[in-house]
Novice: 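Before I ask anything, let me first share the structure, which is written out below as structure tokens.
As the structure is a prediction and not an experimental result, all values here were calculated from the model.
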Amino acid sequence: MKKKKNDDFLMSPTVDYCFKELLAYPEVRKGFVAAILGKNPEEIEETILMPTILSKDTENGKYGILDVRVCMKNGTQMDLEMQVAPLEYWDKRMIFYLSKMYTEQIQEGDDYDKIKKCVHVSILDFNHFKDDNKCYREIAFCDLENGEKYTDLLEIHVMELKKLPEEQTDEPLLIKWMRFLAANRKEDFEKMAEQDQYIGEAYETLKKLSADETKRLEYEARQKALRDKNA
């Protein structure tokens, strides 16, 4: 007997396959990147997907494989990583990715003025910082005594979905995006989609992806692989 299709099925954005597919759409990418950087989406003139494999520095060096790598018109690069299972050395991993992106920009003989801003974004479905309830933080190089930022060339943004507080009025747009990514019920997706044009675009894209039989099979295969790995 043929399995009855579930018309209410929606992929979870916390599965990296779904997350990558969502950010393959320029309008979704534009809205999310703008929310992370605290900008109006119209200020984000262009976002281009880049190769996600970071090269090795030496023959015995280590590759870096990113989830989503974006370059903006001004040269800023952004690495966006969705991670569900806790990793003991996640802090070292994200610094490794950020450093590789930064150093890849110049070759022998290049001037240092070629270097552009690099941003790492961790979207985590587990608690990485154990000692507080902050669901979002921005990390940068700064003077430890007065807190003054030393440079804006390197930034880390960490979103911990499990720490999202009870919903409040007038929440920052980035928190609304976090609620969308963490949602697992149709009504929750719809609620967030009503609050922002670009989250609305993400929801429409999510519905299209979820209705595509081929993509659904790929999603389910990835979901199974993640479950097996975590087990």
Side-chain angles (χ1 to χ4, degrees), residues 10 12-16 18-20 22-23 25-47 67-74 76-84 90-91 94 98 117-142 147-149 151-206:
L10 288 170
S12 169
T14 58
V15 174
D16 55 6
C18 177
F19 180 68
K20 294 174 191 178
L22 279 175
L23 291 190
Y25 286 77
E27 288 299 290
V28 177
R29 200 163 61 240
K30 177 180 179 177
F32 189 41
V33 165
I36 293 167
L37 298 178
K39 295 181 179 293
N40 185 308
E42 299 313 310
E43 294 180 62
I44 309 294
E45 297 181 68
E46 184 179 40
T47 60
D67 279 354
V68 179
R69 187 181 183 185
V70 175
C71 183
M72 280 162 269
K73 193 169 184 178
N74 65 3
T76 296
Q77 288 189 45
M78 183 178 286
D79 161 37
L80 301 109
E81 299 290 320
M82 175 64 76
Q83 181 66 27
V84 174
W90 185 258
D91 52 348
M94 61 185 175
L98 183 61
K117 182 174 183 174
C118 289
V119 181
H120 170 89
V121 181
S122 285
I123 305 115
L124 308 177
D125 200 29
F126 62 92
N127 293 343
H128 179 59
F129 294 97
K130 311 288 188 186
D131 298 329
D132 62 48
N133 293 317
K134 288 175 63 175
C135 66
Y136 167 73
R137 70 190 75 215
E138 179 184 347
I139 302 166
F141 281 96
C142 66
E148 183 179 343
K149 185 183 282 190
T151 178
D152 66 351
L153 286 174
L154 293 167
E155 280 183 8
I156 294 173
H157 297 254
V158 182
M159 306 174 201
E160 296 176 273
L161 302 181
K162 296 293 189 189
K163 291 183 179 179
L164 278 166
E166 291 294 321
E167 192 172 347
Q168 302 170 19
T169 57
D170 299 323
E171 288 185 325
L173 183 55
L174 185 57
I175 300 298
K176 294 177 182 178
W177 271 101
M178 289 176 64
R179 292 196 188 283
F180 174 82
L181 294 173
N184 51 36
R185 299 185 306 167
K186 185 177 181 180
E187 51 265 40
D188 294 332
F189 285 117
E190 290 176 343
K191 185 176 182 180
M192 290 301 107
E194 292 171 356
Q195 298 188 37
D196 175 72
Q197 170 191 345
Y198 292 92
I199 299 179
E201 291 276 356
Y203 180 51
E204 291 303 313
T205 302
L206 182 65

Novice: Would you say E187 has more than 12 foreign heavy atoms packed within less than 6.0 Å of its CD?
Specialist: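 Enclosed.
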Novice: I want to check something: taking the side chain as every heavy atom from C-beta on, are F141 and K149 in contact at a cut-off of under 4.5 Å?
Specialist: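 Contact flag for F141/K149 side chains = no.
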Novice: Less than 4.5 Å apart, side chain to side chain, heavy atoms only: is that true for V70 and Q77?
Specialist: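 They are not in side-chain contact.
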Novice: Might you point out which heavy atoms bring L164 and A182 nearest each other, and give the distance in Å?
Specialist: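 So the minimum-distance heavy-atom pair works out to CD1-CB, 4.1 Å.
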Novice: Could you tell me the separation between the CD1 atom of I44 and the CD atom of E27, rounded to the nearest 0.5 Å?
Specialist: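 These two atoms lie 12.0 Å from each other.
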Novice: Kindly compute the distance separating SG (C118) from CD1 (I156), expressed to the nearest 0.5 Å.
Specialist: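 The SG atom of C118 sits 11.5 Å away from the CD1 atom of I156.
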Novice: If you measure from CG on L161 to CD1 on I123, what distance do you get to the nearest 0.5 Å?
Specialist: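 Going from the CG atom of L161 to the CD1 atom of I123 covers 7.5 Å.
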Novice: Nearest heavy-atom pair of A183 and F189: which atoms, and what distance?
Specialist: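 Of all heavy-atom pairs spanning A183 and F189, the closest is O-CZ, 3.3 Å.
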Novice: List the steps and the verdict of side chain to side chain contact (heavy atoms under 4.5 Å, CB included) for L23 and V33.
Specialist: CA-CA 10 Å; L23 291 190; V33 165; over 6 Å; no
Novice: With no hydrogens and no angle check, is any side-chain donor or acceptor of E204 less than 3.5 Å from a backbone partner on E201?
Specialist: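 Such a contact is absent between E204 side chain and E201 backbone.
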Novice: Would you indicate whether the side-chain heavy atoms of M94 and V158 approach each other to under 4.5 Å?
Specialist: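 Heavy-atom side-chain distance check passes, below 4.5 Å.
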Novice: Once rounded to the nearest 0.5 Å, what's the spacing between atom CD of E155 and atom CD1 of I36?
Specialist: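 Reported value, rounded in 0.5 Å steps: 10.5 Å.
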Novice: Roughly how far apart are R137 CZ and K134 NZ, rounded to 0.5 Å?
Specialist: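 Answer for the CZ-NZ pair, R137 versus K134, is 5.0 Å.
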Novice: How close do L174 and Y136 get, heavy atom to heavy atom, and via which atoms?
Specialist: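 Taking every non-hydrogen atom into account, CD2-CE1, 3.4 Å.
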Novice: Under 4.0 Å between a side-chain nitrogen and a carboxylate oxygen: does that hold for K73 and E45?
Specialist: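 Result for this pair is yes, salt bridge flagged.
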Novice: Taking all non-hydrogen atoms of both residues, which atom of W90 and which atom of S122 are closest, and how far apart?
Specialist: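 Nearest heavy atoms, W90 then S122: NE1-OG, 2.8 Å.
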Novice: Using modelled atom types only, decide if a donor and an acceptor are shared between the side chain of N127 and the backbone of F129 within a distance under 3.5 Å.
Specialist: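 No, the answer is negative, given that no donor and acceptor are paired below the 3.5 Å cut-off.
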Novice: For D152, is the CG atom crowded, meaning more than 12 foreign heavy atoms sit under 6.0 Å from it?
Specialist: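 Yes - once you tally the heavy atoms of other residues, nucleotides and ligands closer than 6.0 Å, there are more than 12.
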Novice: Side chain of D67, backbone of M82: donor and acceptor closer than 3.5 Å?
Specialist: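 Yes, because the side chain of D67 sits within donor-acceptor range (under 3.5 Å) of the backbone of M82.
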Novice: Taking C-beta and beyond as the side chain, do L22 and L206 meet within less than 4.5 Å on heavy atoms?
Specialist: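 They are in contact (side-chain heavy atoms under 4.5 Å apart), so the answer is yes.
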Novice: Can you tell me how the ring of F19 sits relative to the ring of F32, calling it parallel under 30°, perpendicular over 60° and tilted otherwise?
Specialist: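 Taking F32 first and then F19, their aromatic rings stand perpendicular (interplane angle over 60°).
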Novice: Quick check: do K191 and R179 have side-chain heavy atoms less than 4.5 Å from each other?
Specialist: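 Side chain of K191 against side chain of R179, heavy atoms only: no contact under 4.5 Å found.
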Novice: Below 4.5 Å, heavy atoms only, C-beta onward: do L154 and L98 meet side chain to side chain?
Specialist: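 Yes, their side chains come closer than 4.5 Å.
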Novice: Please check if the side chain of D196 supplies one atom and the backbone of I199 the other of a donor-acceptor pair under 3.5 Å.
Specialist: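 The answer is yes, because a donor-acceptor pair under 3.5 Å joins these two groups.
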Novice: Between M78 and V121, is the side chain to side chain contact (heavy atoms under 4.5 Å, CB included) condition met? List the steps.
Specialist: CA-CA 7 Å; M78 183 178 286; V121 181; 4.0 Å; yes
Novice: For a quick test of reading the model, state the closest non-hydrogen atom pair linking P41 to A34 and the distance between them.
Specialist: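 In this case the closest contact between P41 and A34 is CA-CB, 3.6 Å.
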Novice: side-chain hydrogen bond (donor to acceptor under 3.5 Å, both in side chains) with H128: which residues, sequence neighbours excluded?
Specialist: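 None.
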Novice: Please step through side chain to side chain contact (heavy atoms under 4.5 Å, CB included) for the pair M159 and L124, ending with a clear verdict.
Specialist: CA-CA 6 Å; M159 306 174 201; L124 308 177; over 6 Å; no
Novice: Identify the two heavy atoms, one from F180 and one from M192, that lie closest to each other, and give their separation to 0.1 Å.
Specialist: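 Scanning both residues completely, I find the closest heavy atoms to be N-CG, 3.8 Å.
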Novice: Measure the spacing between NZ of K186 and OH of Y203 and express it to the nearest 0.5 Å.
Specialist: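 The OH atom of Y203 is 5.0 Å from NZ of K186, to the nearest 0.5 Å.
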Novice: Answer yes or no: is there an ion pair linking E160 with K162, defined by an N-O contact shorter than 4.0 Å?
Specialist: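 Here E160 does not pair with K162 in a salt bridge, since their nearest N and O are not under 4.0 Å apart.
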Novice: Can you confirm whether I175 sits close enough to M178 that some side-chain heavy atom of one is under 4.5 Å from a side-chain heavy atom of the other?
Specialist: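 I175 reaches M178 side chain to side chain.
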Novice: Given F126 and V84, is the side chain to side chain contact (heavy atoms under 4.5 Å, CB included) satisfied, shown in steps?
Specialist: CA-CA 6 Å; F126 62 92; V84 174; over 6 Å; no
Novice: Side chain of K163, backbone of D132: donor and acceptor closer than 3.5 Å?
Specialist: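 Yes: the side chain of K163 pairs with the backbone of D132.
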Novice: Is R185 salt-bridged to E190, cutoff N-O under 4.0 Å?
Specialist: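 The answer is no: the pair does not qualify as a salt bridge.
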Novice: Hey, is E42 close enough to K30 for a salt bridge, meaning N to O under 4.0 Å?
Specialist: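 Salt bridge present between E42 and K30.
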Novice: Side chains of E81 and H120: closer than 4.5 Å at any heavy-atom pair?
Specialist: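 When only atoms from C-beta onward are counted, H120 and E81 do touch, with a gap below 4.5 Å.
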